[in-house]
Amino acid sequence: MEKQTSPYRWGMVVDLDRCTGCGACVVACQAENNVAICGKKEIAEGRNMHWLRIERFWVGEYPNVRARFLPVLCQHCRDAPCEPVCPVYASYHNPDGLNGQVYNRCVGTRYCGNNCPYAVRVFNFYSHQWPKPLDNQLSPDITVRPRGVMEKCTFCVQRIRRAKEDASGEGRLVRDGEVQPACAQTCPAEALVFGNLADPRSRVARLVRSPRRFRLLEHLGTHPSVYYLKGGGREHV
Amino acid sequence: MSEPTLSAAKSAVRMNDAMLSSLRPPTLRWYLLAFFLGGVVAWGLYAFGYMVSTDMSCTGLDRPVMWGVYIVNFVFWIGLSHSGTMVSAILRLSRANWRRPILRAAEAMTVFTVTIGGLFPLIHLGRNWVFFYLIPYPNQRGLWPNFRSALLWDATAIFTYIIGSSLFLYLGMLPDLAVARDRCAGWRRTLYGALAMGWRGTAREWLIFQKASTLMAALIIPVAVSVHSIVAWDFAVTVVPGWHSTIFPPYFVIGAILSGVAAVITLMAIIRKAFHLEEFLTPLHFDNMGKLLLVIALLWSYAYFVEVQTTWYAHEPIEWEVFSFMAGRYTPALVLMLVGNSLLPLTLLCFRRIRRSVGAMLVISLLVNVAMFIERYLIIVPSLSHKNMPFVWGTYSPSWVELSVTAGAFAGFALMYTFFAKCFPMVALTDVRELEARKVLVPFARAELPSIAGKEGGDD
Amino acid sequence: MIETLGIFPDFESAGRAVERLVREGFAEAQITSLTSVSYPDGALVKTGRRSWFRWLTLGCFIAGAAAGFALAAGTAWLYPVQTGEKPIIAYYPTGIVTYELAMLFALAGTIVGMFLEMGLPAWRKRPYDPAIAEGCIGISVTIHPGGEAVVCGREAETGACVGGVVSLSAGEQKSRAEEIMREAGALRIVAEEPS
Amino acid sequence: MKRRTFLQLGGMTAAGAWLSGCRSANERLIPYLVSPDEGVTPGRAEYYASACRFCPAGCGILVRVSEGRAKKIEGNPAHPVNRGKLCARGQAILQELYHPDRVPQPLKRTGPRGSGKFTPISWGEGLSLLAGRLSALQRERSTERLALMTTQLRGTLAELADRFVAAFGSPHHIRFDLLAPDWLRAANRRSFGQASLPWYDIAETRYLLSFGADFLEYHLSPVHYGFAFGRMRQGRDTVRGHFTYVGGRMSLTAASADRWMPVRPGSEGALALGMARLILTESLYDAASMAASGLWPERLAAGLEAYDLPQVAQLTGLPQQVIAEVAREFATTPPSLAMAGEMVAFQDNGPEAVRAVQLLNVLAGNLNRPGGVFPGGSVAGPENSFADLLAFVERMRGDRIGVALIHGDPLHTIPPVTGFPEALARVPFVVSFSPLLDDTALQADLILPDHAALESWGDVIPPVAPRGTVIGLMQPVVTPLHDTRQFPEVLMATARELGGGMAAAFPQQSYLEMLKEAMKKEVHPAGGIDFETVWVDLLRQGGLFKTEGKGGKGYRWTAEAPVPAPAEPRFAGDDKRFPLHLQIYPSTAFYDGRGAPLPWLQQLPDPMTTVVWDSWVEINPATAAGLGIGFGDLVEVTSPRGSLHLPAVLYPGIRPDMVAIPMGQGHRGMGRYAEGRGVNPLALLALADNGTGPLPAWNATRVRVARISKEGNLVTAGNPEGSYRGELIEI
């Protein structure tokens, strides 16, 4: 069996020095991907469905206190801990380096959710409803997930798919910046940059070479495709 | 037919009567018990049905604690199953004669606990109705299950274990079924006759039977070890702090045997009382089981110490966070676990008087199992609560649905066991009678000492 | 094949009967005991010690290993799923599944082999007495119509299976055996109708 | 049919409309085995350009429309304000369109006011009801008894509203917005002689010093400045702009700062002047800039004699060394930039404090230079609408208003201390145009529901844009869902109904026609080019974006401008009974409350506290410990004006003598997601009167806080303990 290969390895760079924590990406993701609306009770129970969250950490004490923001989405690990534990291949890896989630296959063991060190997988504990006419907003490109299945950030795979089809229709590769997930597209400060890590000239590939780069929980050896750039200073000059 | 007149036969009749007393028609109390247990099972089924028909929000699960009491139950029940077959097999191989009255209770327990335990991974699925996606069979989806997943290892191992331990139980019961067949009438005779397969007890049959028993015992032990190792791998192969630990498989196996041995003692005490088997389940048996429990508790304590000591010494931040969270939030449970699994057995079981006291042994063995349930809980829940990302730490407490299903599982086990006890010989009577038949008094100096004639098992 | 079964109240009388039967010339292989508990081999009768069912266990073990390997590795090979940079066939899990299925087959094979070798389940009605369950001991003598020797195991010594009473007719052998057993203290004789 | 005609309206899709869906779904079955991201193309969607009017910033948007339904809102890359970027609020207005509790048709009140009992009526009935009331006023020759109350409208809509009121013969068009930058216009007029709003060149600055200007959240144009902030930080190869924030509460903006100076509330002006004095005495100022502004350093320094370092340190509660350090950095890192924001302006010495900050820009030479501050176009607006509001309240109280037409939700966004709610209750006929039954609509006699933004036409003129003319155009992207009509159309229809001079004031058939005329004036199409073509192009592009040239008059300190002299701050409530300062601030998600009905915004964790679906009060952990308050406890916040019950959030980024409550919640109506949720902190505000009349000093109220119970029912998206354990992930 031949391994499939791909000219793409999608990745993202999150520049924490640019990130202001405003939350635009969170709503963009929710709007793009038919992410369920969760009420107060649901979030109180720890069942928020957001695929992308901004973590806020307090460091130090008043008056020398700092707040640090960390947008966390699926890291699309090259060695994703969620993949091998799924008994039904609902969590799988595609040749573009995306960590996919096939809702139809999912039986809801939630093993992947446990084994994801980044805790970015959300489970449909509830059977979510969109009161009419809010359901008009639901995007036809993306499944509305039924109860009992796991879901997570896909790097807006529907957009990638569209861009790849457009490109292959024109007999070329997807150009840098041609496709962006909703979060990166909307980020006012351009803290999120998406692109093809396999192309050394792409913007992400250039940013990844920054000395400020790091990856979340790097010691676990998951090799995420999401790179972070450390906040530059944030201390007194 | 004329009754045998001589004493050997007489004692055989008496023993048969005593040991098959459980097969007598059920009393009102039995019906009440069965009715009560059936009620609890029905409630558990209702709770499960409620969960399936609404959604999983009725559980206490959340992110990050995506596994809760269902998986605690799974590990606990699979752990319990270890005593039975494994203890019985070890004792058979080591030719401990005192094992004989215990065998059946232990082996039957294995079959039922592993059945209950095996249900829990299915109960806990988000979409139970597509559970068959987990089963490897050629399907239209063109997709086979992912054997990389420890859950598939579980599935195969538990399947093997259910089949193996059922066969082991049946094998041990074969001669007893023949006896029961000969003493019963009506539907029972038909049933036992069919199950006994025409067993007559010829010398040849006995010989092959003994060899098969020994072989089965030898085969089932590695299966039992592998089953609980795989259950441990469900946790150990993850990257969850507190789970990712190399000692988990042996530690889980030891814990499983500990809870299993304790459960056998509990059942011995109950069966002894319920079926008036004081003559066969003597304080000697409790004494020996007590010694076994003591040894296993010692091993468990050692394994736990090693596990915690490594964490403490390494002081890896997130691992240590998980441990301190567990010790902080669940202090009473942690203390109860250490007392029940380690402190009490290690001190009390050193005393012969306590080991020989059925009441004390019942209390200790129950406590061990309470502690083992807590141990499973403390392994699963705190680790998930404080996983790698501090921002999404969470808590978990089981909901009424999960508790009801748990209660239903306990009642279901008790119910199956009660039915089994009513239908099948609860004491391995041919094994016990064999010992009786081969017991001779050997003159030794001024005394006559009891001795067992012949080699155990008739096989080398 | 005619089987005659004597029911003895105790071990001693049964032992006596076997001894006398052997002395009379019945072969060891013709005589067997029916007991509800197991006695050490040779206490009453001697039986061939070799059994073959464990080969079946081994065979099943190997078949199970093959099945397990086919299940884990074969299906992955035939229905490959792209899983990033991981190999299509997972080595370690294949080992586990192979092991478990091998053990499953071995366990099942043991039971099947045991019954096959015992010749159970028996479809033919054979002489039996429920008193055996109550501690009585049955001694059965198998006599072949025509008086030829019983079929012996391969390992039996030459002549071991041919008793002295072989010159008698089947019917005579049967009544001789019954007589011996009664003398030894049999409570009753359960005889099989000649088929 | 309706949808088709609508779509034919001119093919105004942006970025080229193309439909796929030609590919048959049955072409081949896709087995599960094939990764599902191969070979499946979902239907193509169309993008319509429009503009966002949620907050005054006026960003350009693209709406993705599929099968006649709006699916997603994205930033319009062609729009110079937001360049394809968009904030959380802008994306959520989709839910305003599809809100399940929209008012589907005109309603007439049947129960008592506030009871929420209404009867649906037809538009004909509704309009004749309104026209009847208005013609009654005309008959009584008391046309001045009509009042129109709106937010600070701009462009064609403002013109239309003004014309309506003027034609009717009423002087009352009240344009009050709690958060409107009146204070900035007034300060600019006093300091620079021109009221235009500034445009800050944050992207190019090297040292940004913000005095309570939360430009990443709501100040003037958050997306525009958010984009600039990213470039200031990492957009230049060798320079990383430094950012210092001055303010008693660490806002979201302050959280991105390198240095946070938790200054005592009301002393920001003193701090600015202290820095100014230090810059002057150490001769770090930009001599050219001083000269251009006609300022003499020595004379100015003499005027600032009172603000020596020890004195300022004492006033502000900051270490001398820090103040001096920041002052020197600011003066010696050109181009630098000082901004003053709402948190400074809403003190009772705010007007002068804002000017003190502006003085810093003069000293450092930051006026009209890249990386500094420019006048941001010619947008004029009210400079003291608060006074208009108070006068209007006085009129209502005197029963001198007969009909009030209200667009917006003033009952929620005007602090009750102004007397507005009681005064409004005296108005015999109140008309609301709210698309949801908000607080104001609940008190109205007639509701004539407006279209949702995505169903409306309009022009949106951003207050802040880099030089030139920028007019965003709104166009309907879907057919109206309900039987609603756009607010300007209703005004025009009413005028027609009234006839006479009113009808004559509106010669155009529709608002759209009026809009096109206004745009025609702006673009002056060259001869030969049909305006319709230009119009379609404008719609496709999202508006008129002329960013070149027209660089008006720069800022210059006017000769007659006095030296800023912020008085000693005064607060409502004495410091014994009310020991804590109260700061209210616009919520990141809801702005002034208009975002509250949108579930996406309710679900969006507040960036700083991660609270969802609620209000809260932020308390410094040390203060909370002293009061026995734990995280999430229910507390009572009492001001001289009233008290509120709400959960407490222990917030390390706030002064111990201060508490803060976000605005935006506490609606009595506004649909299922907002109703009865949280509290409206405006109820706590008292007015500090410094003798010159009431000022909009919304941050000059003192409160006390007491614990009530453990049951705060507070929900945070982040684990409160884990939020302090960033070291575990090495953040």
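The chains referred to below are lettered A, B, ... by the order of the sequence lines, with proteins before strands, and numbering in each begins at 1.
With a threshold of 4.5 angstrom between heavy atoms, C:Phe115 approaches chain B through side-chain atoms but not through N, CA, C or O. For chain C, the nearby part of B:Leu174 is the side chain; its heavy atoms alone come within less than 4.5 Å. In this structure, no portion of B:Leu152 lies under 4.5 Å from any heavy atom of chain C. Looking at B:Phe209, both its backbone and its side chain come within 4.5 Å of chain C, counting heavy atoms on both sides. If you measure heavy-atom distances from C:Thr32 to chain B, the contacts under 4.5 Å come from the side chain alone. Heavy-atom distances place the side chain of C:Ile96, and not its backbone, under 4.5 Å from chain B. Heavy-atom distances place the side chain of C:Tyr99, and not its backbone, under 4.5 Å from chain B. Contact of B:Pro138 with chain C is not made at all, since no heavy-atom distance falls under 4.5 Å. Contact annotation for C:Ile137: neither backbone nor side-chain heavy atoms come within less than 4.5 Å of a heavy atom of chain B. Contact of B:Leu219 with chain C is made through backbone and side chain together, with heavy-atom distances under 4.5 Å. Both the backbone and the side chain of B:Trp199 come within contact range of chain C, each with at least one heavy atom under 4.5 Å from a heavy atom of that chain. Neither the backbone nor the side chain of C:Phe8 comes within contact range of chain B; no heavy atoms are under 4.5 Å apart.
Between B:Gly164 and C:Leu107, the shortest heavy-atom contact is CA-CD1, 3.6 Å. Residues C:Met118 and B:Glu205 approach most closely at CE-O, 3.4 Å, considering heavy atoms.
Although no hydrogens or angles enter the test, the distance criterion places no donor-acceptor pair under 3.5 Å between the side chain of B:Trp206 and the main chain of C:Ser36. Listed for the C:Ser51 side chain is no donor-acceptor partner under 3.5 Å among the backbone atoms of B:Ile208.
Ranked by heavy-atom pairs under 4.5 Å with chain C, the first of B:Thr156, B:Leu167, B:Ile163 is B:Leu167. If you tally non-hydrogen atom pairs under 4.5 Å between each of B:Leu215, B:Ile230, B:Val227 and chain C, the highest count goes to B:Leu215. Considering only heavy-atom pairs separated by less than 4.5 Å from chain C, the leading option among B:Thr202, B:Ile220, B:Thr430 is B:Thr202.
Within the cation-pi definition used here (under 6.0 Å to the ring centroid, within 45° of the axis), B:Arg181 qualifies as a partner of C:Tyr128.
Sparse packing is recorded around OH of C:Tyr91, with 12 or fewer heavy atoms of other residues, nucleotides or ligands lying under 6.0 Å away. The environment of OH in B:Tyr170 is crowded: more than 12 heavy-atom neighbours from other residues, nucleotides or ligands sit within 6.0 Å.
Here CG of C:Leu101 is found 8.5 Å from CZ of B:Phe159. Values are rounded to the nearest 0.5 Å. Taking OG from C:Ser33 and CZ from B:Arg200, the interatomic distance works out to 10.5 Å, rounded to the nearest 0.5 Å.
Side-chain contact between C:Glu100 and B:Tyr161 is absent, with no heavy atoms from C-beta onward closer than 4.5 Å. Using a 4.5 Å cut-off on side-chain heavy atoms (C-beta onward), C:Met114 and B:Met216 make no contact. Annotation: side chain of C:Thr94 is not in contact with side chain of B:Phe147 (no heavy-atom distance under 4.5 Å). The closest side-chain heavy-atom distance from B:Lys211 to C:Arg54 is below 4.5 Å. B:Leu171 is listed as a side-chain neighbour of C:Ile111, based on a closest heavy-atom distance under 4.5 Å.
Classification of the B:Trp144-C:Tyr79 ring pair by plane angle, with boundaries at 30° and 60°, yields tilted.
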